Q: 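Let me give you the structure first, and then I'll get to my questions.
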2 protein chains.
Amino acid sequence: MTDALTSQILTGHSVGATVQVVIDALFARIKSEEYPADTRLPSERTLASDLGVSRNTVREALDVLESRNIIRRRAGSGSFVTYRSEPEIPRGDRSVAENTSPLDHLVVRGILEPEMVRLAVINMTPRDLEDLGETLTRIEAVRTDAVEFVACEEELYRKIAKGTRNPLLASCYELAIQVCQQSFRTALMRRHLTPRRIQDYQQRYNTLFNAIASRDVESAVEFIKLHLVEEQKLLLQEG
Amino acid sequence: MTDALTSQILTGHSVGATVQVVIDALFARIKSEEYPADTRLPSERTLASDLGVSRNTVREALDVLESRNIIRRRAGSGSFVTYRSEPEIPRGDRSVAENTSPLDHLVVRGILEPEMVRLAVINMTPRDLEDLGETLTRIEAVRTDAVEFVACEEELYRKIAKGTRNPLLASCYELAIQVCQQSFRTALMRRHLTPRRIQDYQQRYNTLFNAIASRDVESAVEFIKLHLVEEQKLLLQEG
DNA sequence: CGCGACTGAACCGGTTTCGGACCAATTCCC
DNA sequence: GGGAATTGGTCCGAAACCGGTTCAGTCGCG
């Protein structure tokens, strides 16, 4: 991790060199969970003497950390870590995957995929399209291997997600993919993935790719919606 | 490495031999990341004594480095490295937060929130609504404390997300919240959070809550869409 | 000698850091 | 309940430090 880069991101405004050192030191301790989430960190006066700087300098650093929602301060009480090092997917409940039903999953896909496809059609470069084409070729090469097919499908969707050039959107979709992998749905799907059905999907993805490659936004979006409805039907049929 | 060539490139104008040596020495340290990007380099006086030359010579060298956009100087503060050894390529696997622009974030919110609100209105229990009401009360108690307000806002959205009863959707939204926290957008927003604007938002959230509580799906969804459009305007105005 | 490069020093105005005092909120403990 | 201790919030002035500027002096070389 480039500390300098982290600093740049954390700081925003220009700040004294000593303050920057303190910011980096504290943020490092928080990231490393030396100061775990939701715990109180040492008092400003303690930190000042520990770090060998004045309290005002510590306070300036804490100002920055607070403005970044990394800590939260309460007068008379202390400063508390609010930063979550790893996007807390497994939370108080069980893992998300275990509690996400196939329907839940399809709902989220229904929300994300149309807009995702729209943005991808708009933002994908020729290079991206070429890359996507290769995945399509891989998909079309499959005959009966359901495992290979699912892997290819995943790759296809991932590339579309990246093609949006929206990292956050891509991450959301990645989350959906992972939940899908970890849930029982995969096993369920595999039962349905007969060679006949694989062929069917291949044709669909081919159509989708053509719409994307020809920059036909509306067709691509409509197609993915249609595809989702089909999936939904399938789920309701066999759930 | 062709020092002569480097010198030639850096110098442009003719410069004293000693100055050239200092330029080369400093540039070498910067390239080798002994002085990493965005860090302050030693003071002119320190450099002068370290390199065994006068401060004026150091300054002449720094003049050249500054004119080449390798460093940037701030009176009273210091000289800072702006040179990037690796012209930062957008790295796919870097932290999502670092690569997500405020617009990206708003786009994802625009995708998730309307459906999220719709599902929440349908699925929230009376107990959930009561809980949401408490958060609203907390929001309405805020007068000027922007930090507290943002924290409350977050809680409100989180409760709505949970209210969908779709763990995957809630996790996606959680991802968005965290990216927002960790990106520079928060600081940006806080500038706009005048007491006047806080009051404005309070009224909006009150309206939203009433729509949700009365199970008025369409009003709630339309309202959140409107809210998002407003946020978008704000971003474009002041970005 | 003259000229340009370099030196050393002083001074300026700005920024940053420091140390401390005082307040208000919270917590602790009797 | 109440006072003491602790914590963050605020403010201030002094001191240290920084780059910006100027200038008289020194050195080396043509």
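Per chain, numbering begins at 1; letters A, B, ... match sequence-line order. Worth saying up front: this structure is predicted, and the values here are computed from it rather than measured.
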Q: Hey, does the side chain of Arg59(B) come within less than 4.0 Å of dG20(D)'s phosphate (OP1/OP2), counting only N and O?
A: yes
Q: With a 4.0 Å cutoff (strictly under), does any side-chain N or O of Ser79(A) reach OP1 or OP2 of dT7(D)?
A: no
Q: How close or far is atom P of dG9(D) from atom CG of Leu62(A), stated in whole angstroms?
A: 9 Å
Q: With the side chain of Arg73(B) defined as its heavy atoms from C-beta on, choose the nearest nucleotide among dG8(D), dG19(D), dG8(C).
A: dG19(D)
Q: When you get a sec, tell me which of dC18(D), dG19(C), dC6(C) is the closest nucleotide to the side chain of Val19(B)?
A: dC6(C)
Q: Report yes or no: is the cationic atom of Arg74(A) (NZ for Lys, CZ for Arg) closer than 6.0 Å to the six-membered ring centre of Phe80(A), at no more than 45° off its axis?
A: yes
Q: For the pair made of CZ in Arg55(A) and P in dC18(C), what is the distance, rounded to whole Å?
A: 14 Å
Q: Mind checking if Arg72(B) touches a base, just sugar-phosphate, or nothing, with heavy atoms under 4.0 Å?
A: nothing
Q: Do you see a donor-acceptor pair shorter than 3.5 Å between the side chains of Gln20(B) and Asp24(B)?
A: yes
Q: How many whole angstroms separate atom CG of Asp63(A) from atom P of dG8(D)?
A: 12 Å
Q: Counting side-chain heavy atoms from C-beta on, which of dG20(D), dT17(C), dT7(C) comes nearest to Thr57(B)?
A: dT7(C)
Q: According to a strict under-4.0 Å criterion, is Thr18(A) in side-chain N/O contact with OP1 or OP2 of dT17(C)?
A: yes
Q: dG20(C) C1' sits how many Å from Glu44(A) CD, rounded?
A: 15 Å
Q: Name the residue from Leu175(A), Val108(A), Asp104(A) that meets the side-chain contact (heavy atoms from CB on, under 4.5 Å) definition with Leu169(B).
A: Val108(A)
Q: Specify whether Phe149(B) and Tyr201(B) have parallel, tilted or perpendicular ring planes, treating 30° as the upper limit for parallel and 60° as the lower limit for perpendicular.
A: tilted
Q: Do Phe27(B) and Tyr83(B) have their ring centres less than 6.0 Å from each other?
A: yes
Q: Using a 6.0 Å distance limit plus a 45 degree cone around the ring axis, check whether Arg109(A) lies over the aromatic ring of Tyr157(A).
A: yes
Q: Calculate the interatomic distance between Phe80(B) atom CZ and dG19(D) atom C1'; express it in whole Å.
A: 11 Å
Q: Phosphate oxygens OP1/OP2 of dC17(D): is one of them under 4.0 Å from a side-chain N or O of Ser43(B)?
A: no
Q: Can you measure Glu60(B) atom CD to dA5(C) atom C1' for me and round it to whole angstrom units?
A: 8 Å
Q: Quick one: Leu65(B) CG to dG19(D) C1', roughly how many Å, whole number?
A: 15 Å
Q: I want to verify a distance call: between dG19(C), dA10(C), dC18(D), whose nearest atom is closest to the Arg40(B) side chain?
A: dC18(D)
Q: Which atom pairs link the protein and nucleotides 23-30 of chain C when you take only N or O atoms and keep those under 3.5 Å?
A:
none

Q: Taking only residues two or more places apart in sequence or in another chain, which ones pass salt bridge (Lys or Arg N to Asp or Glu O under 4.0 Å) with Glu155(B)?
A: Arg138(B), Lys159(B)
Q: Specify the separation, in whole Å, of atom CG of Asn56(A) and atom C1' of dG20(C).
A: 9 Å
